[in-house]
Amino acid sequence: MSCCPLVLELTATAAGWLPVALANLDAVLSDHVHCERKAAQSALSLIRQYPQRADIVAAATRLAHEETSHVVQVSAALNQRGQALAYDQGDDYARELRQQVRKEEPGRLLDTLLVFALIEARSAERLGLLAQALADQPSLAAIYAALTNAEYRHRDTFLTLAADTAPRAVAQARLDELVAVEGELIRRLPARPRIH
Ligand SMILES: [Fe+2]
Ligand SMILES: [Fe+2]
């Protein structure tokens, strides 16, 4: 195990996103269900790709389980609002970030773990914004607050795995590059009723 986590500081979400999200909460909830589903699927795919890394298998197994429980929670919140789940609109944010992953090992694994950490961190930041803004809907705010904490924990899980995958200075330098790419991307994407 590495001694201490890598340092990840995101660009803050622009002020324009939250009003759009709050005005279209059903769309945000549908998108969120799909984000949690894809997080579970991504965790499971790590087990397929890196079976020799016992730490990854253990962490990704727990993660897939937890992300699936988030699918259950967010789907239930959507149901309570009388809304059916919409089709996945795709996720250009995650797709563009994943294009940063190098094709060859060992860079491929390091980049994959760092990109997953970034997606968890951005999700946590935005779920936190929703939790704070929904004081008038306490049950939904409570779900967002709980998921904010969970996604920050997942960020740290991926940062720990990344720190155990490459020398610390190498992992931190690559993370800094990817943080800059993510910041540029999140500024470029339009404000829309999605988690990313
Ligand atoms: Fe989640
Ligand atoms: Fe997560």
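All figures in this text were calculated on a predicted structure; none of them were measured in a lab. Just so you know, these numbers use all the heavy atoms, side chains as well, and skip hydrogens, waters and symmetry mates. Counting convention: from 1, in listed order, for ligands and their atoms alike.
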Pairs meeting criterion side-chain hydrogen bond (donor to acceptor under 3.5 Å, both in side chains) with involvement of residues 4-22, two or more places apart: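 Those involving residues 4-22 are T13-R122, T13-E125, T13-R126.
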Counterpart residues, side chain to side chain contact (heavy atoms under 4.5 Å, CB included), relative to Q52 (two or more places apart): Y50
Residues which pass side chain to side chain contact (heavy atoms under 4.5 Å, CB included) with E177, listed by chain and number, not counting sequence neighbours: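 For E177, the residues satisfying side chain to side chain contact (heavy atoms under 4.5 Å, CB included) (neighbours in sequence not counted) are R174.
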Are any of the side-chain nitrogens in [X] or [Y] under 4.0 Å away from the carboxylate oxygens of its partner?
| X | Y | answer |
| --- | --- | --- |
| D91 | R98 | no |
| R153 | E66 | yes |
| D164 | R53 | no |

Protein N, O or S within less than 2.8 Å of the Fe ion (ligand 2), waters excluded: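 E67 OE2, E120 OE1, E120 OE2, E151 OE1, H154 ND1, with waters left out.
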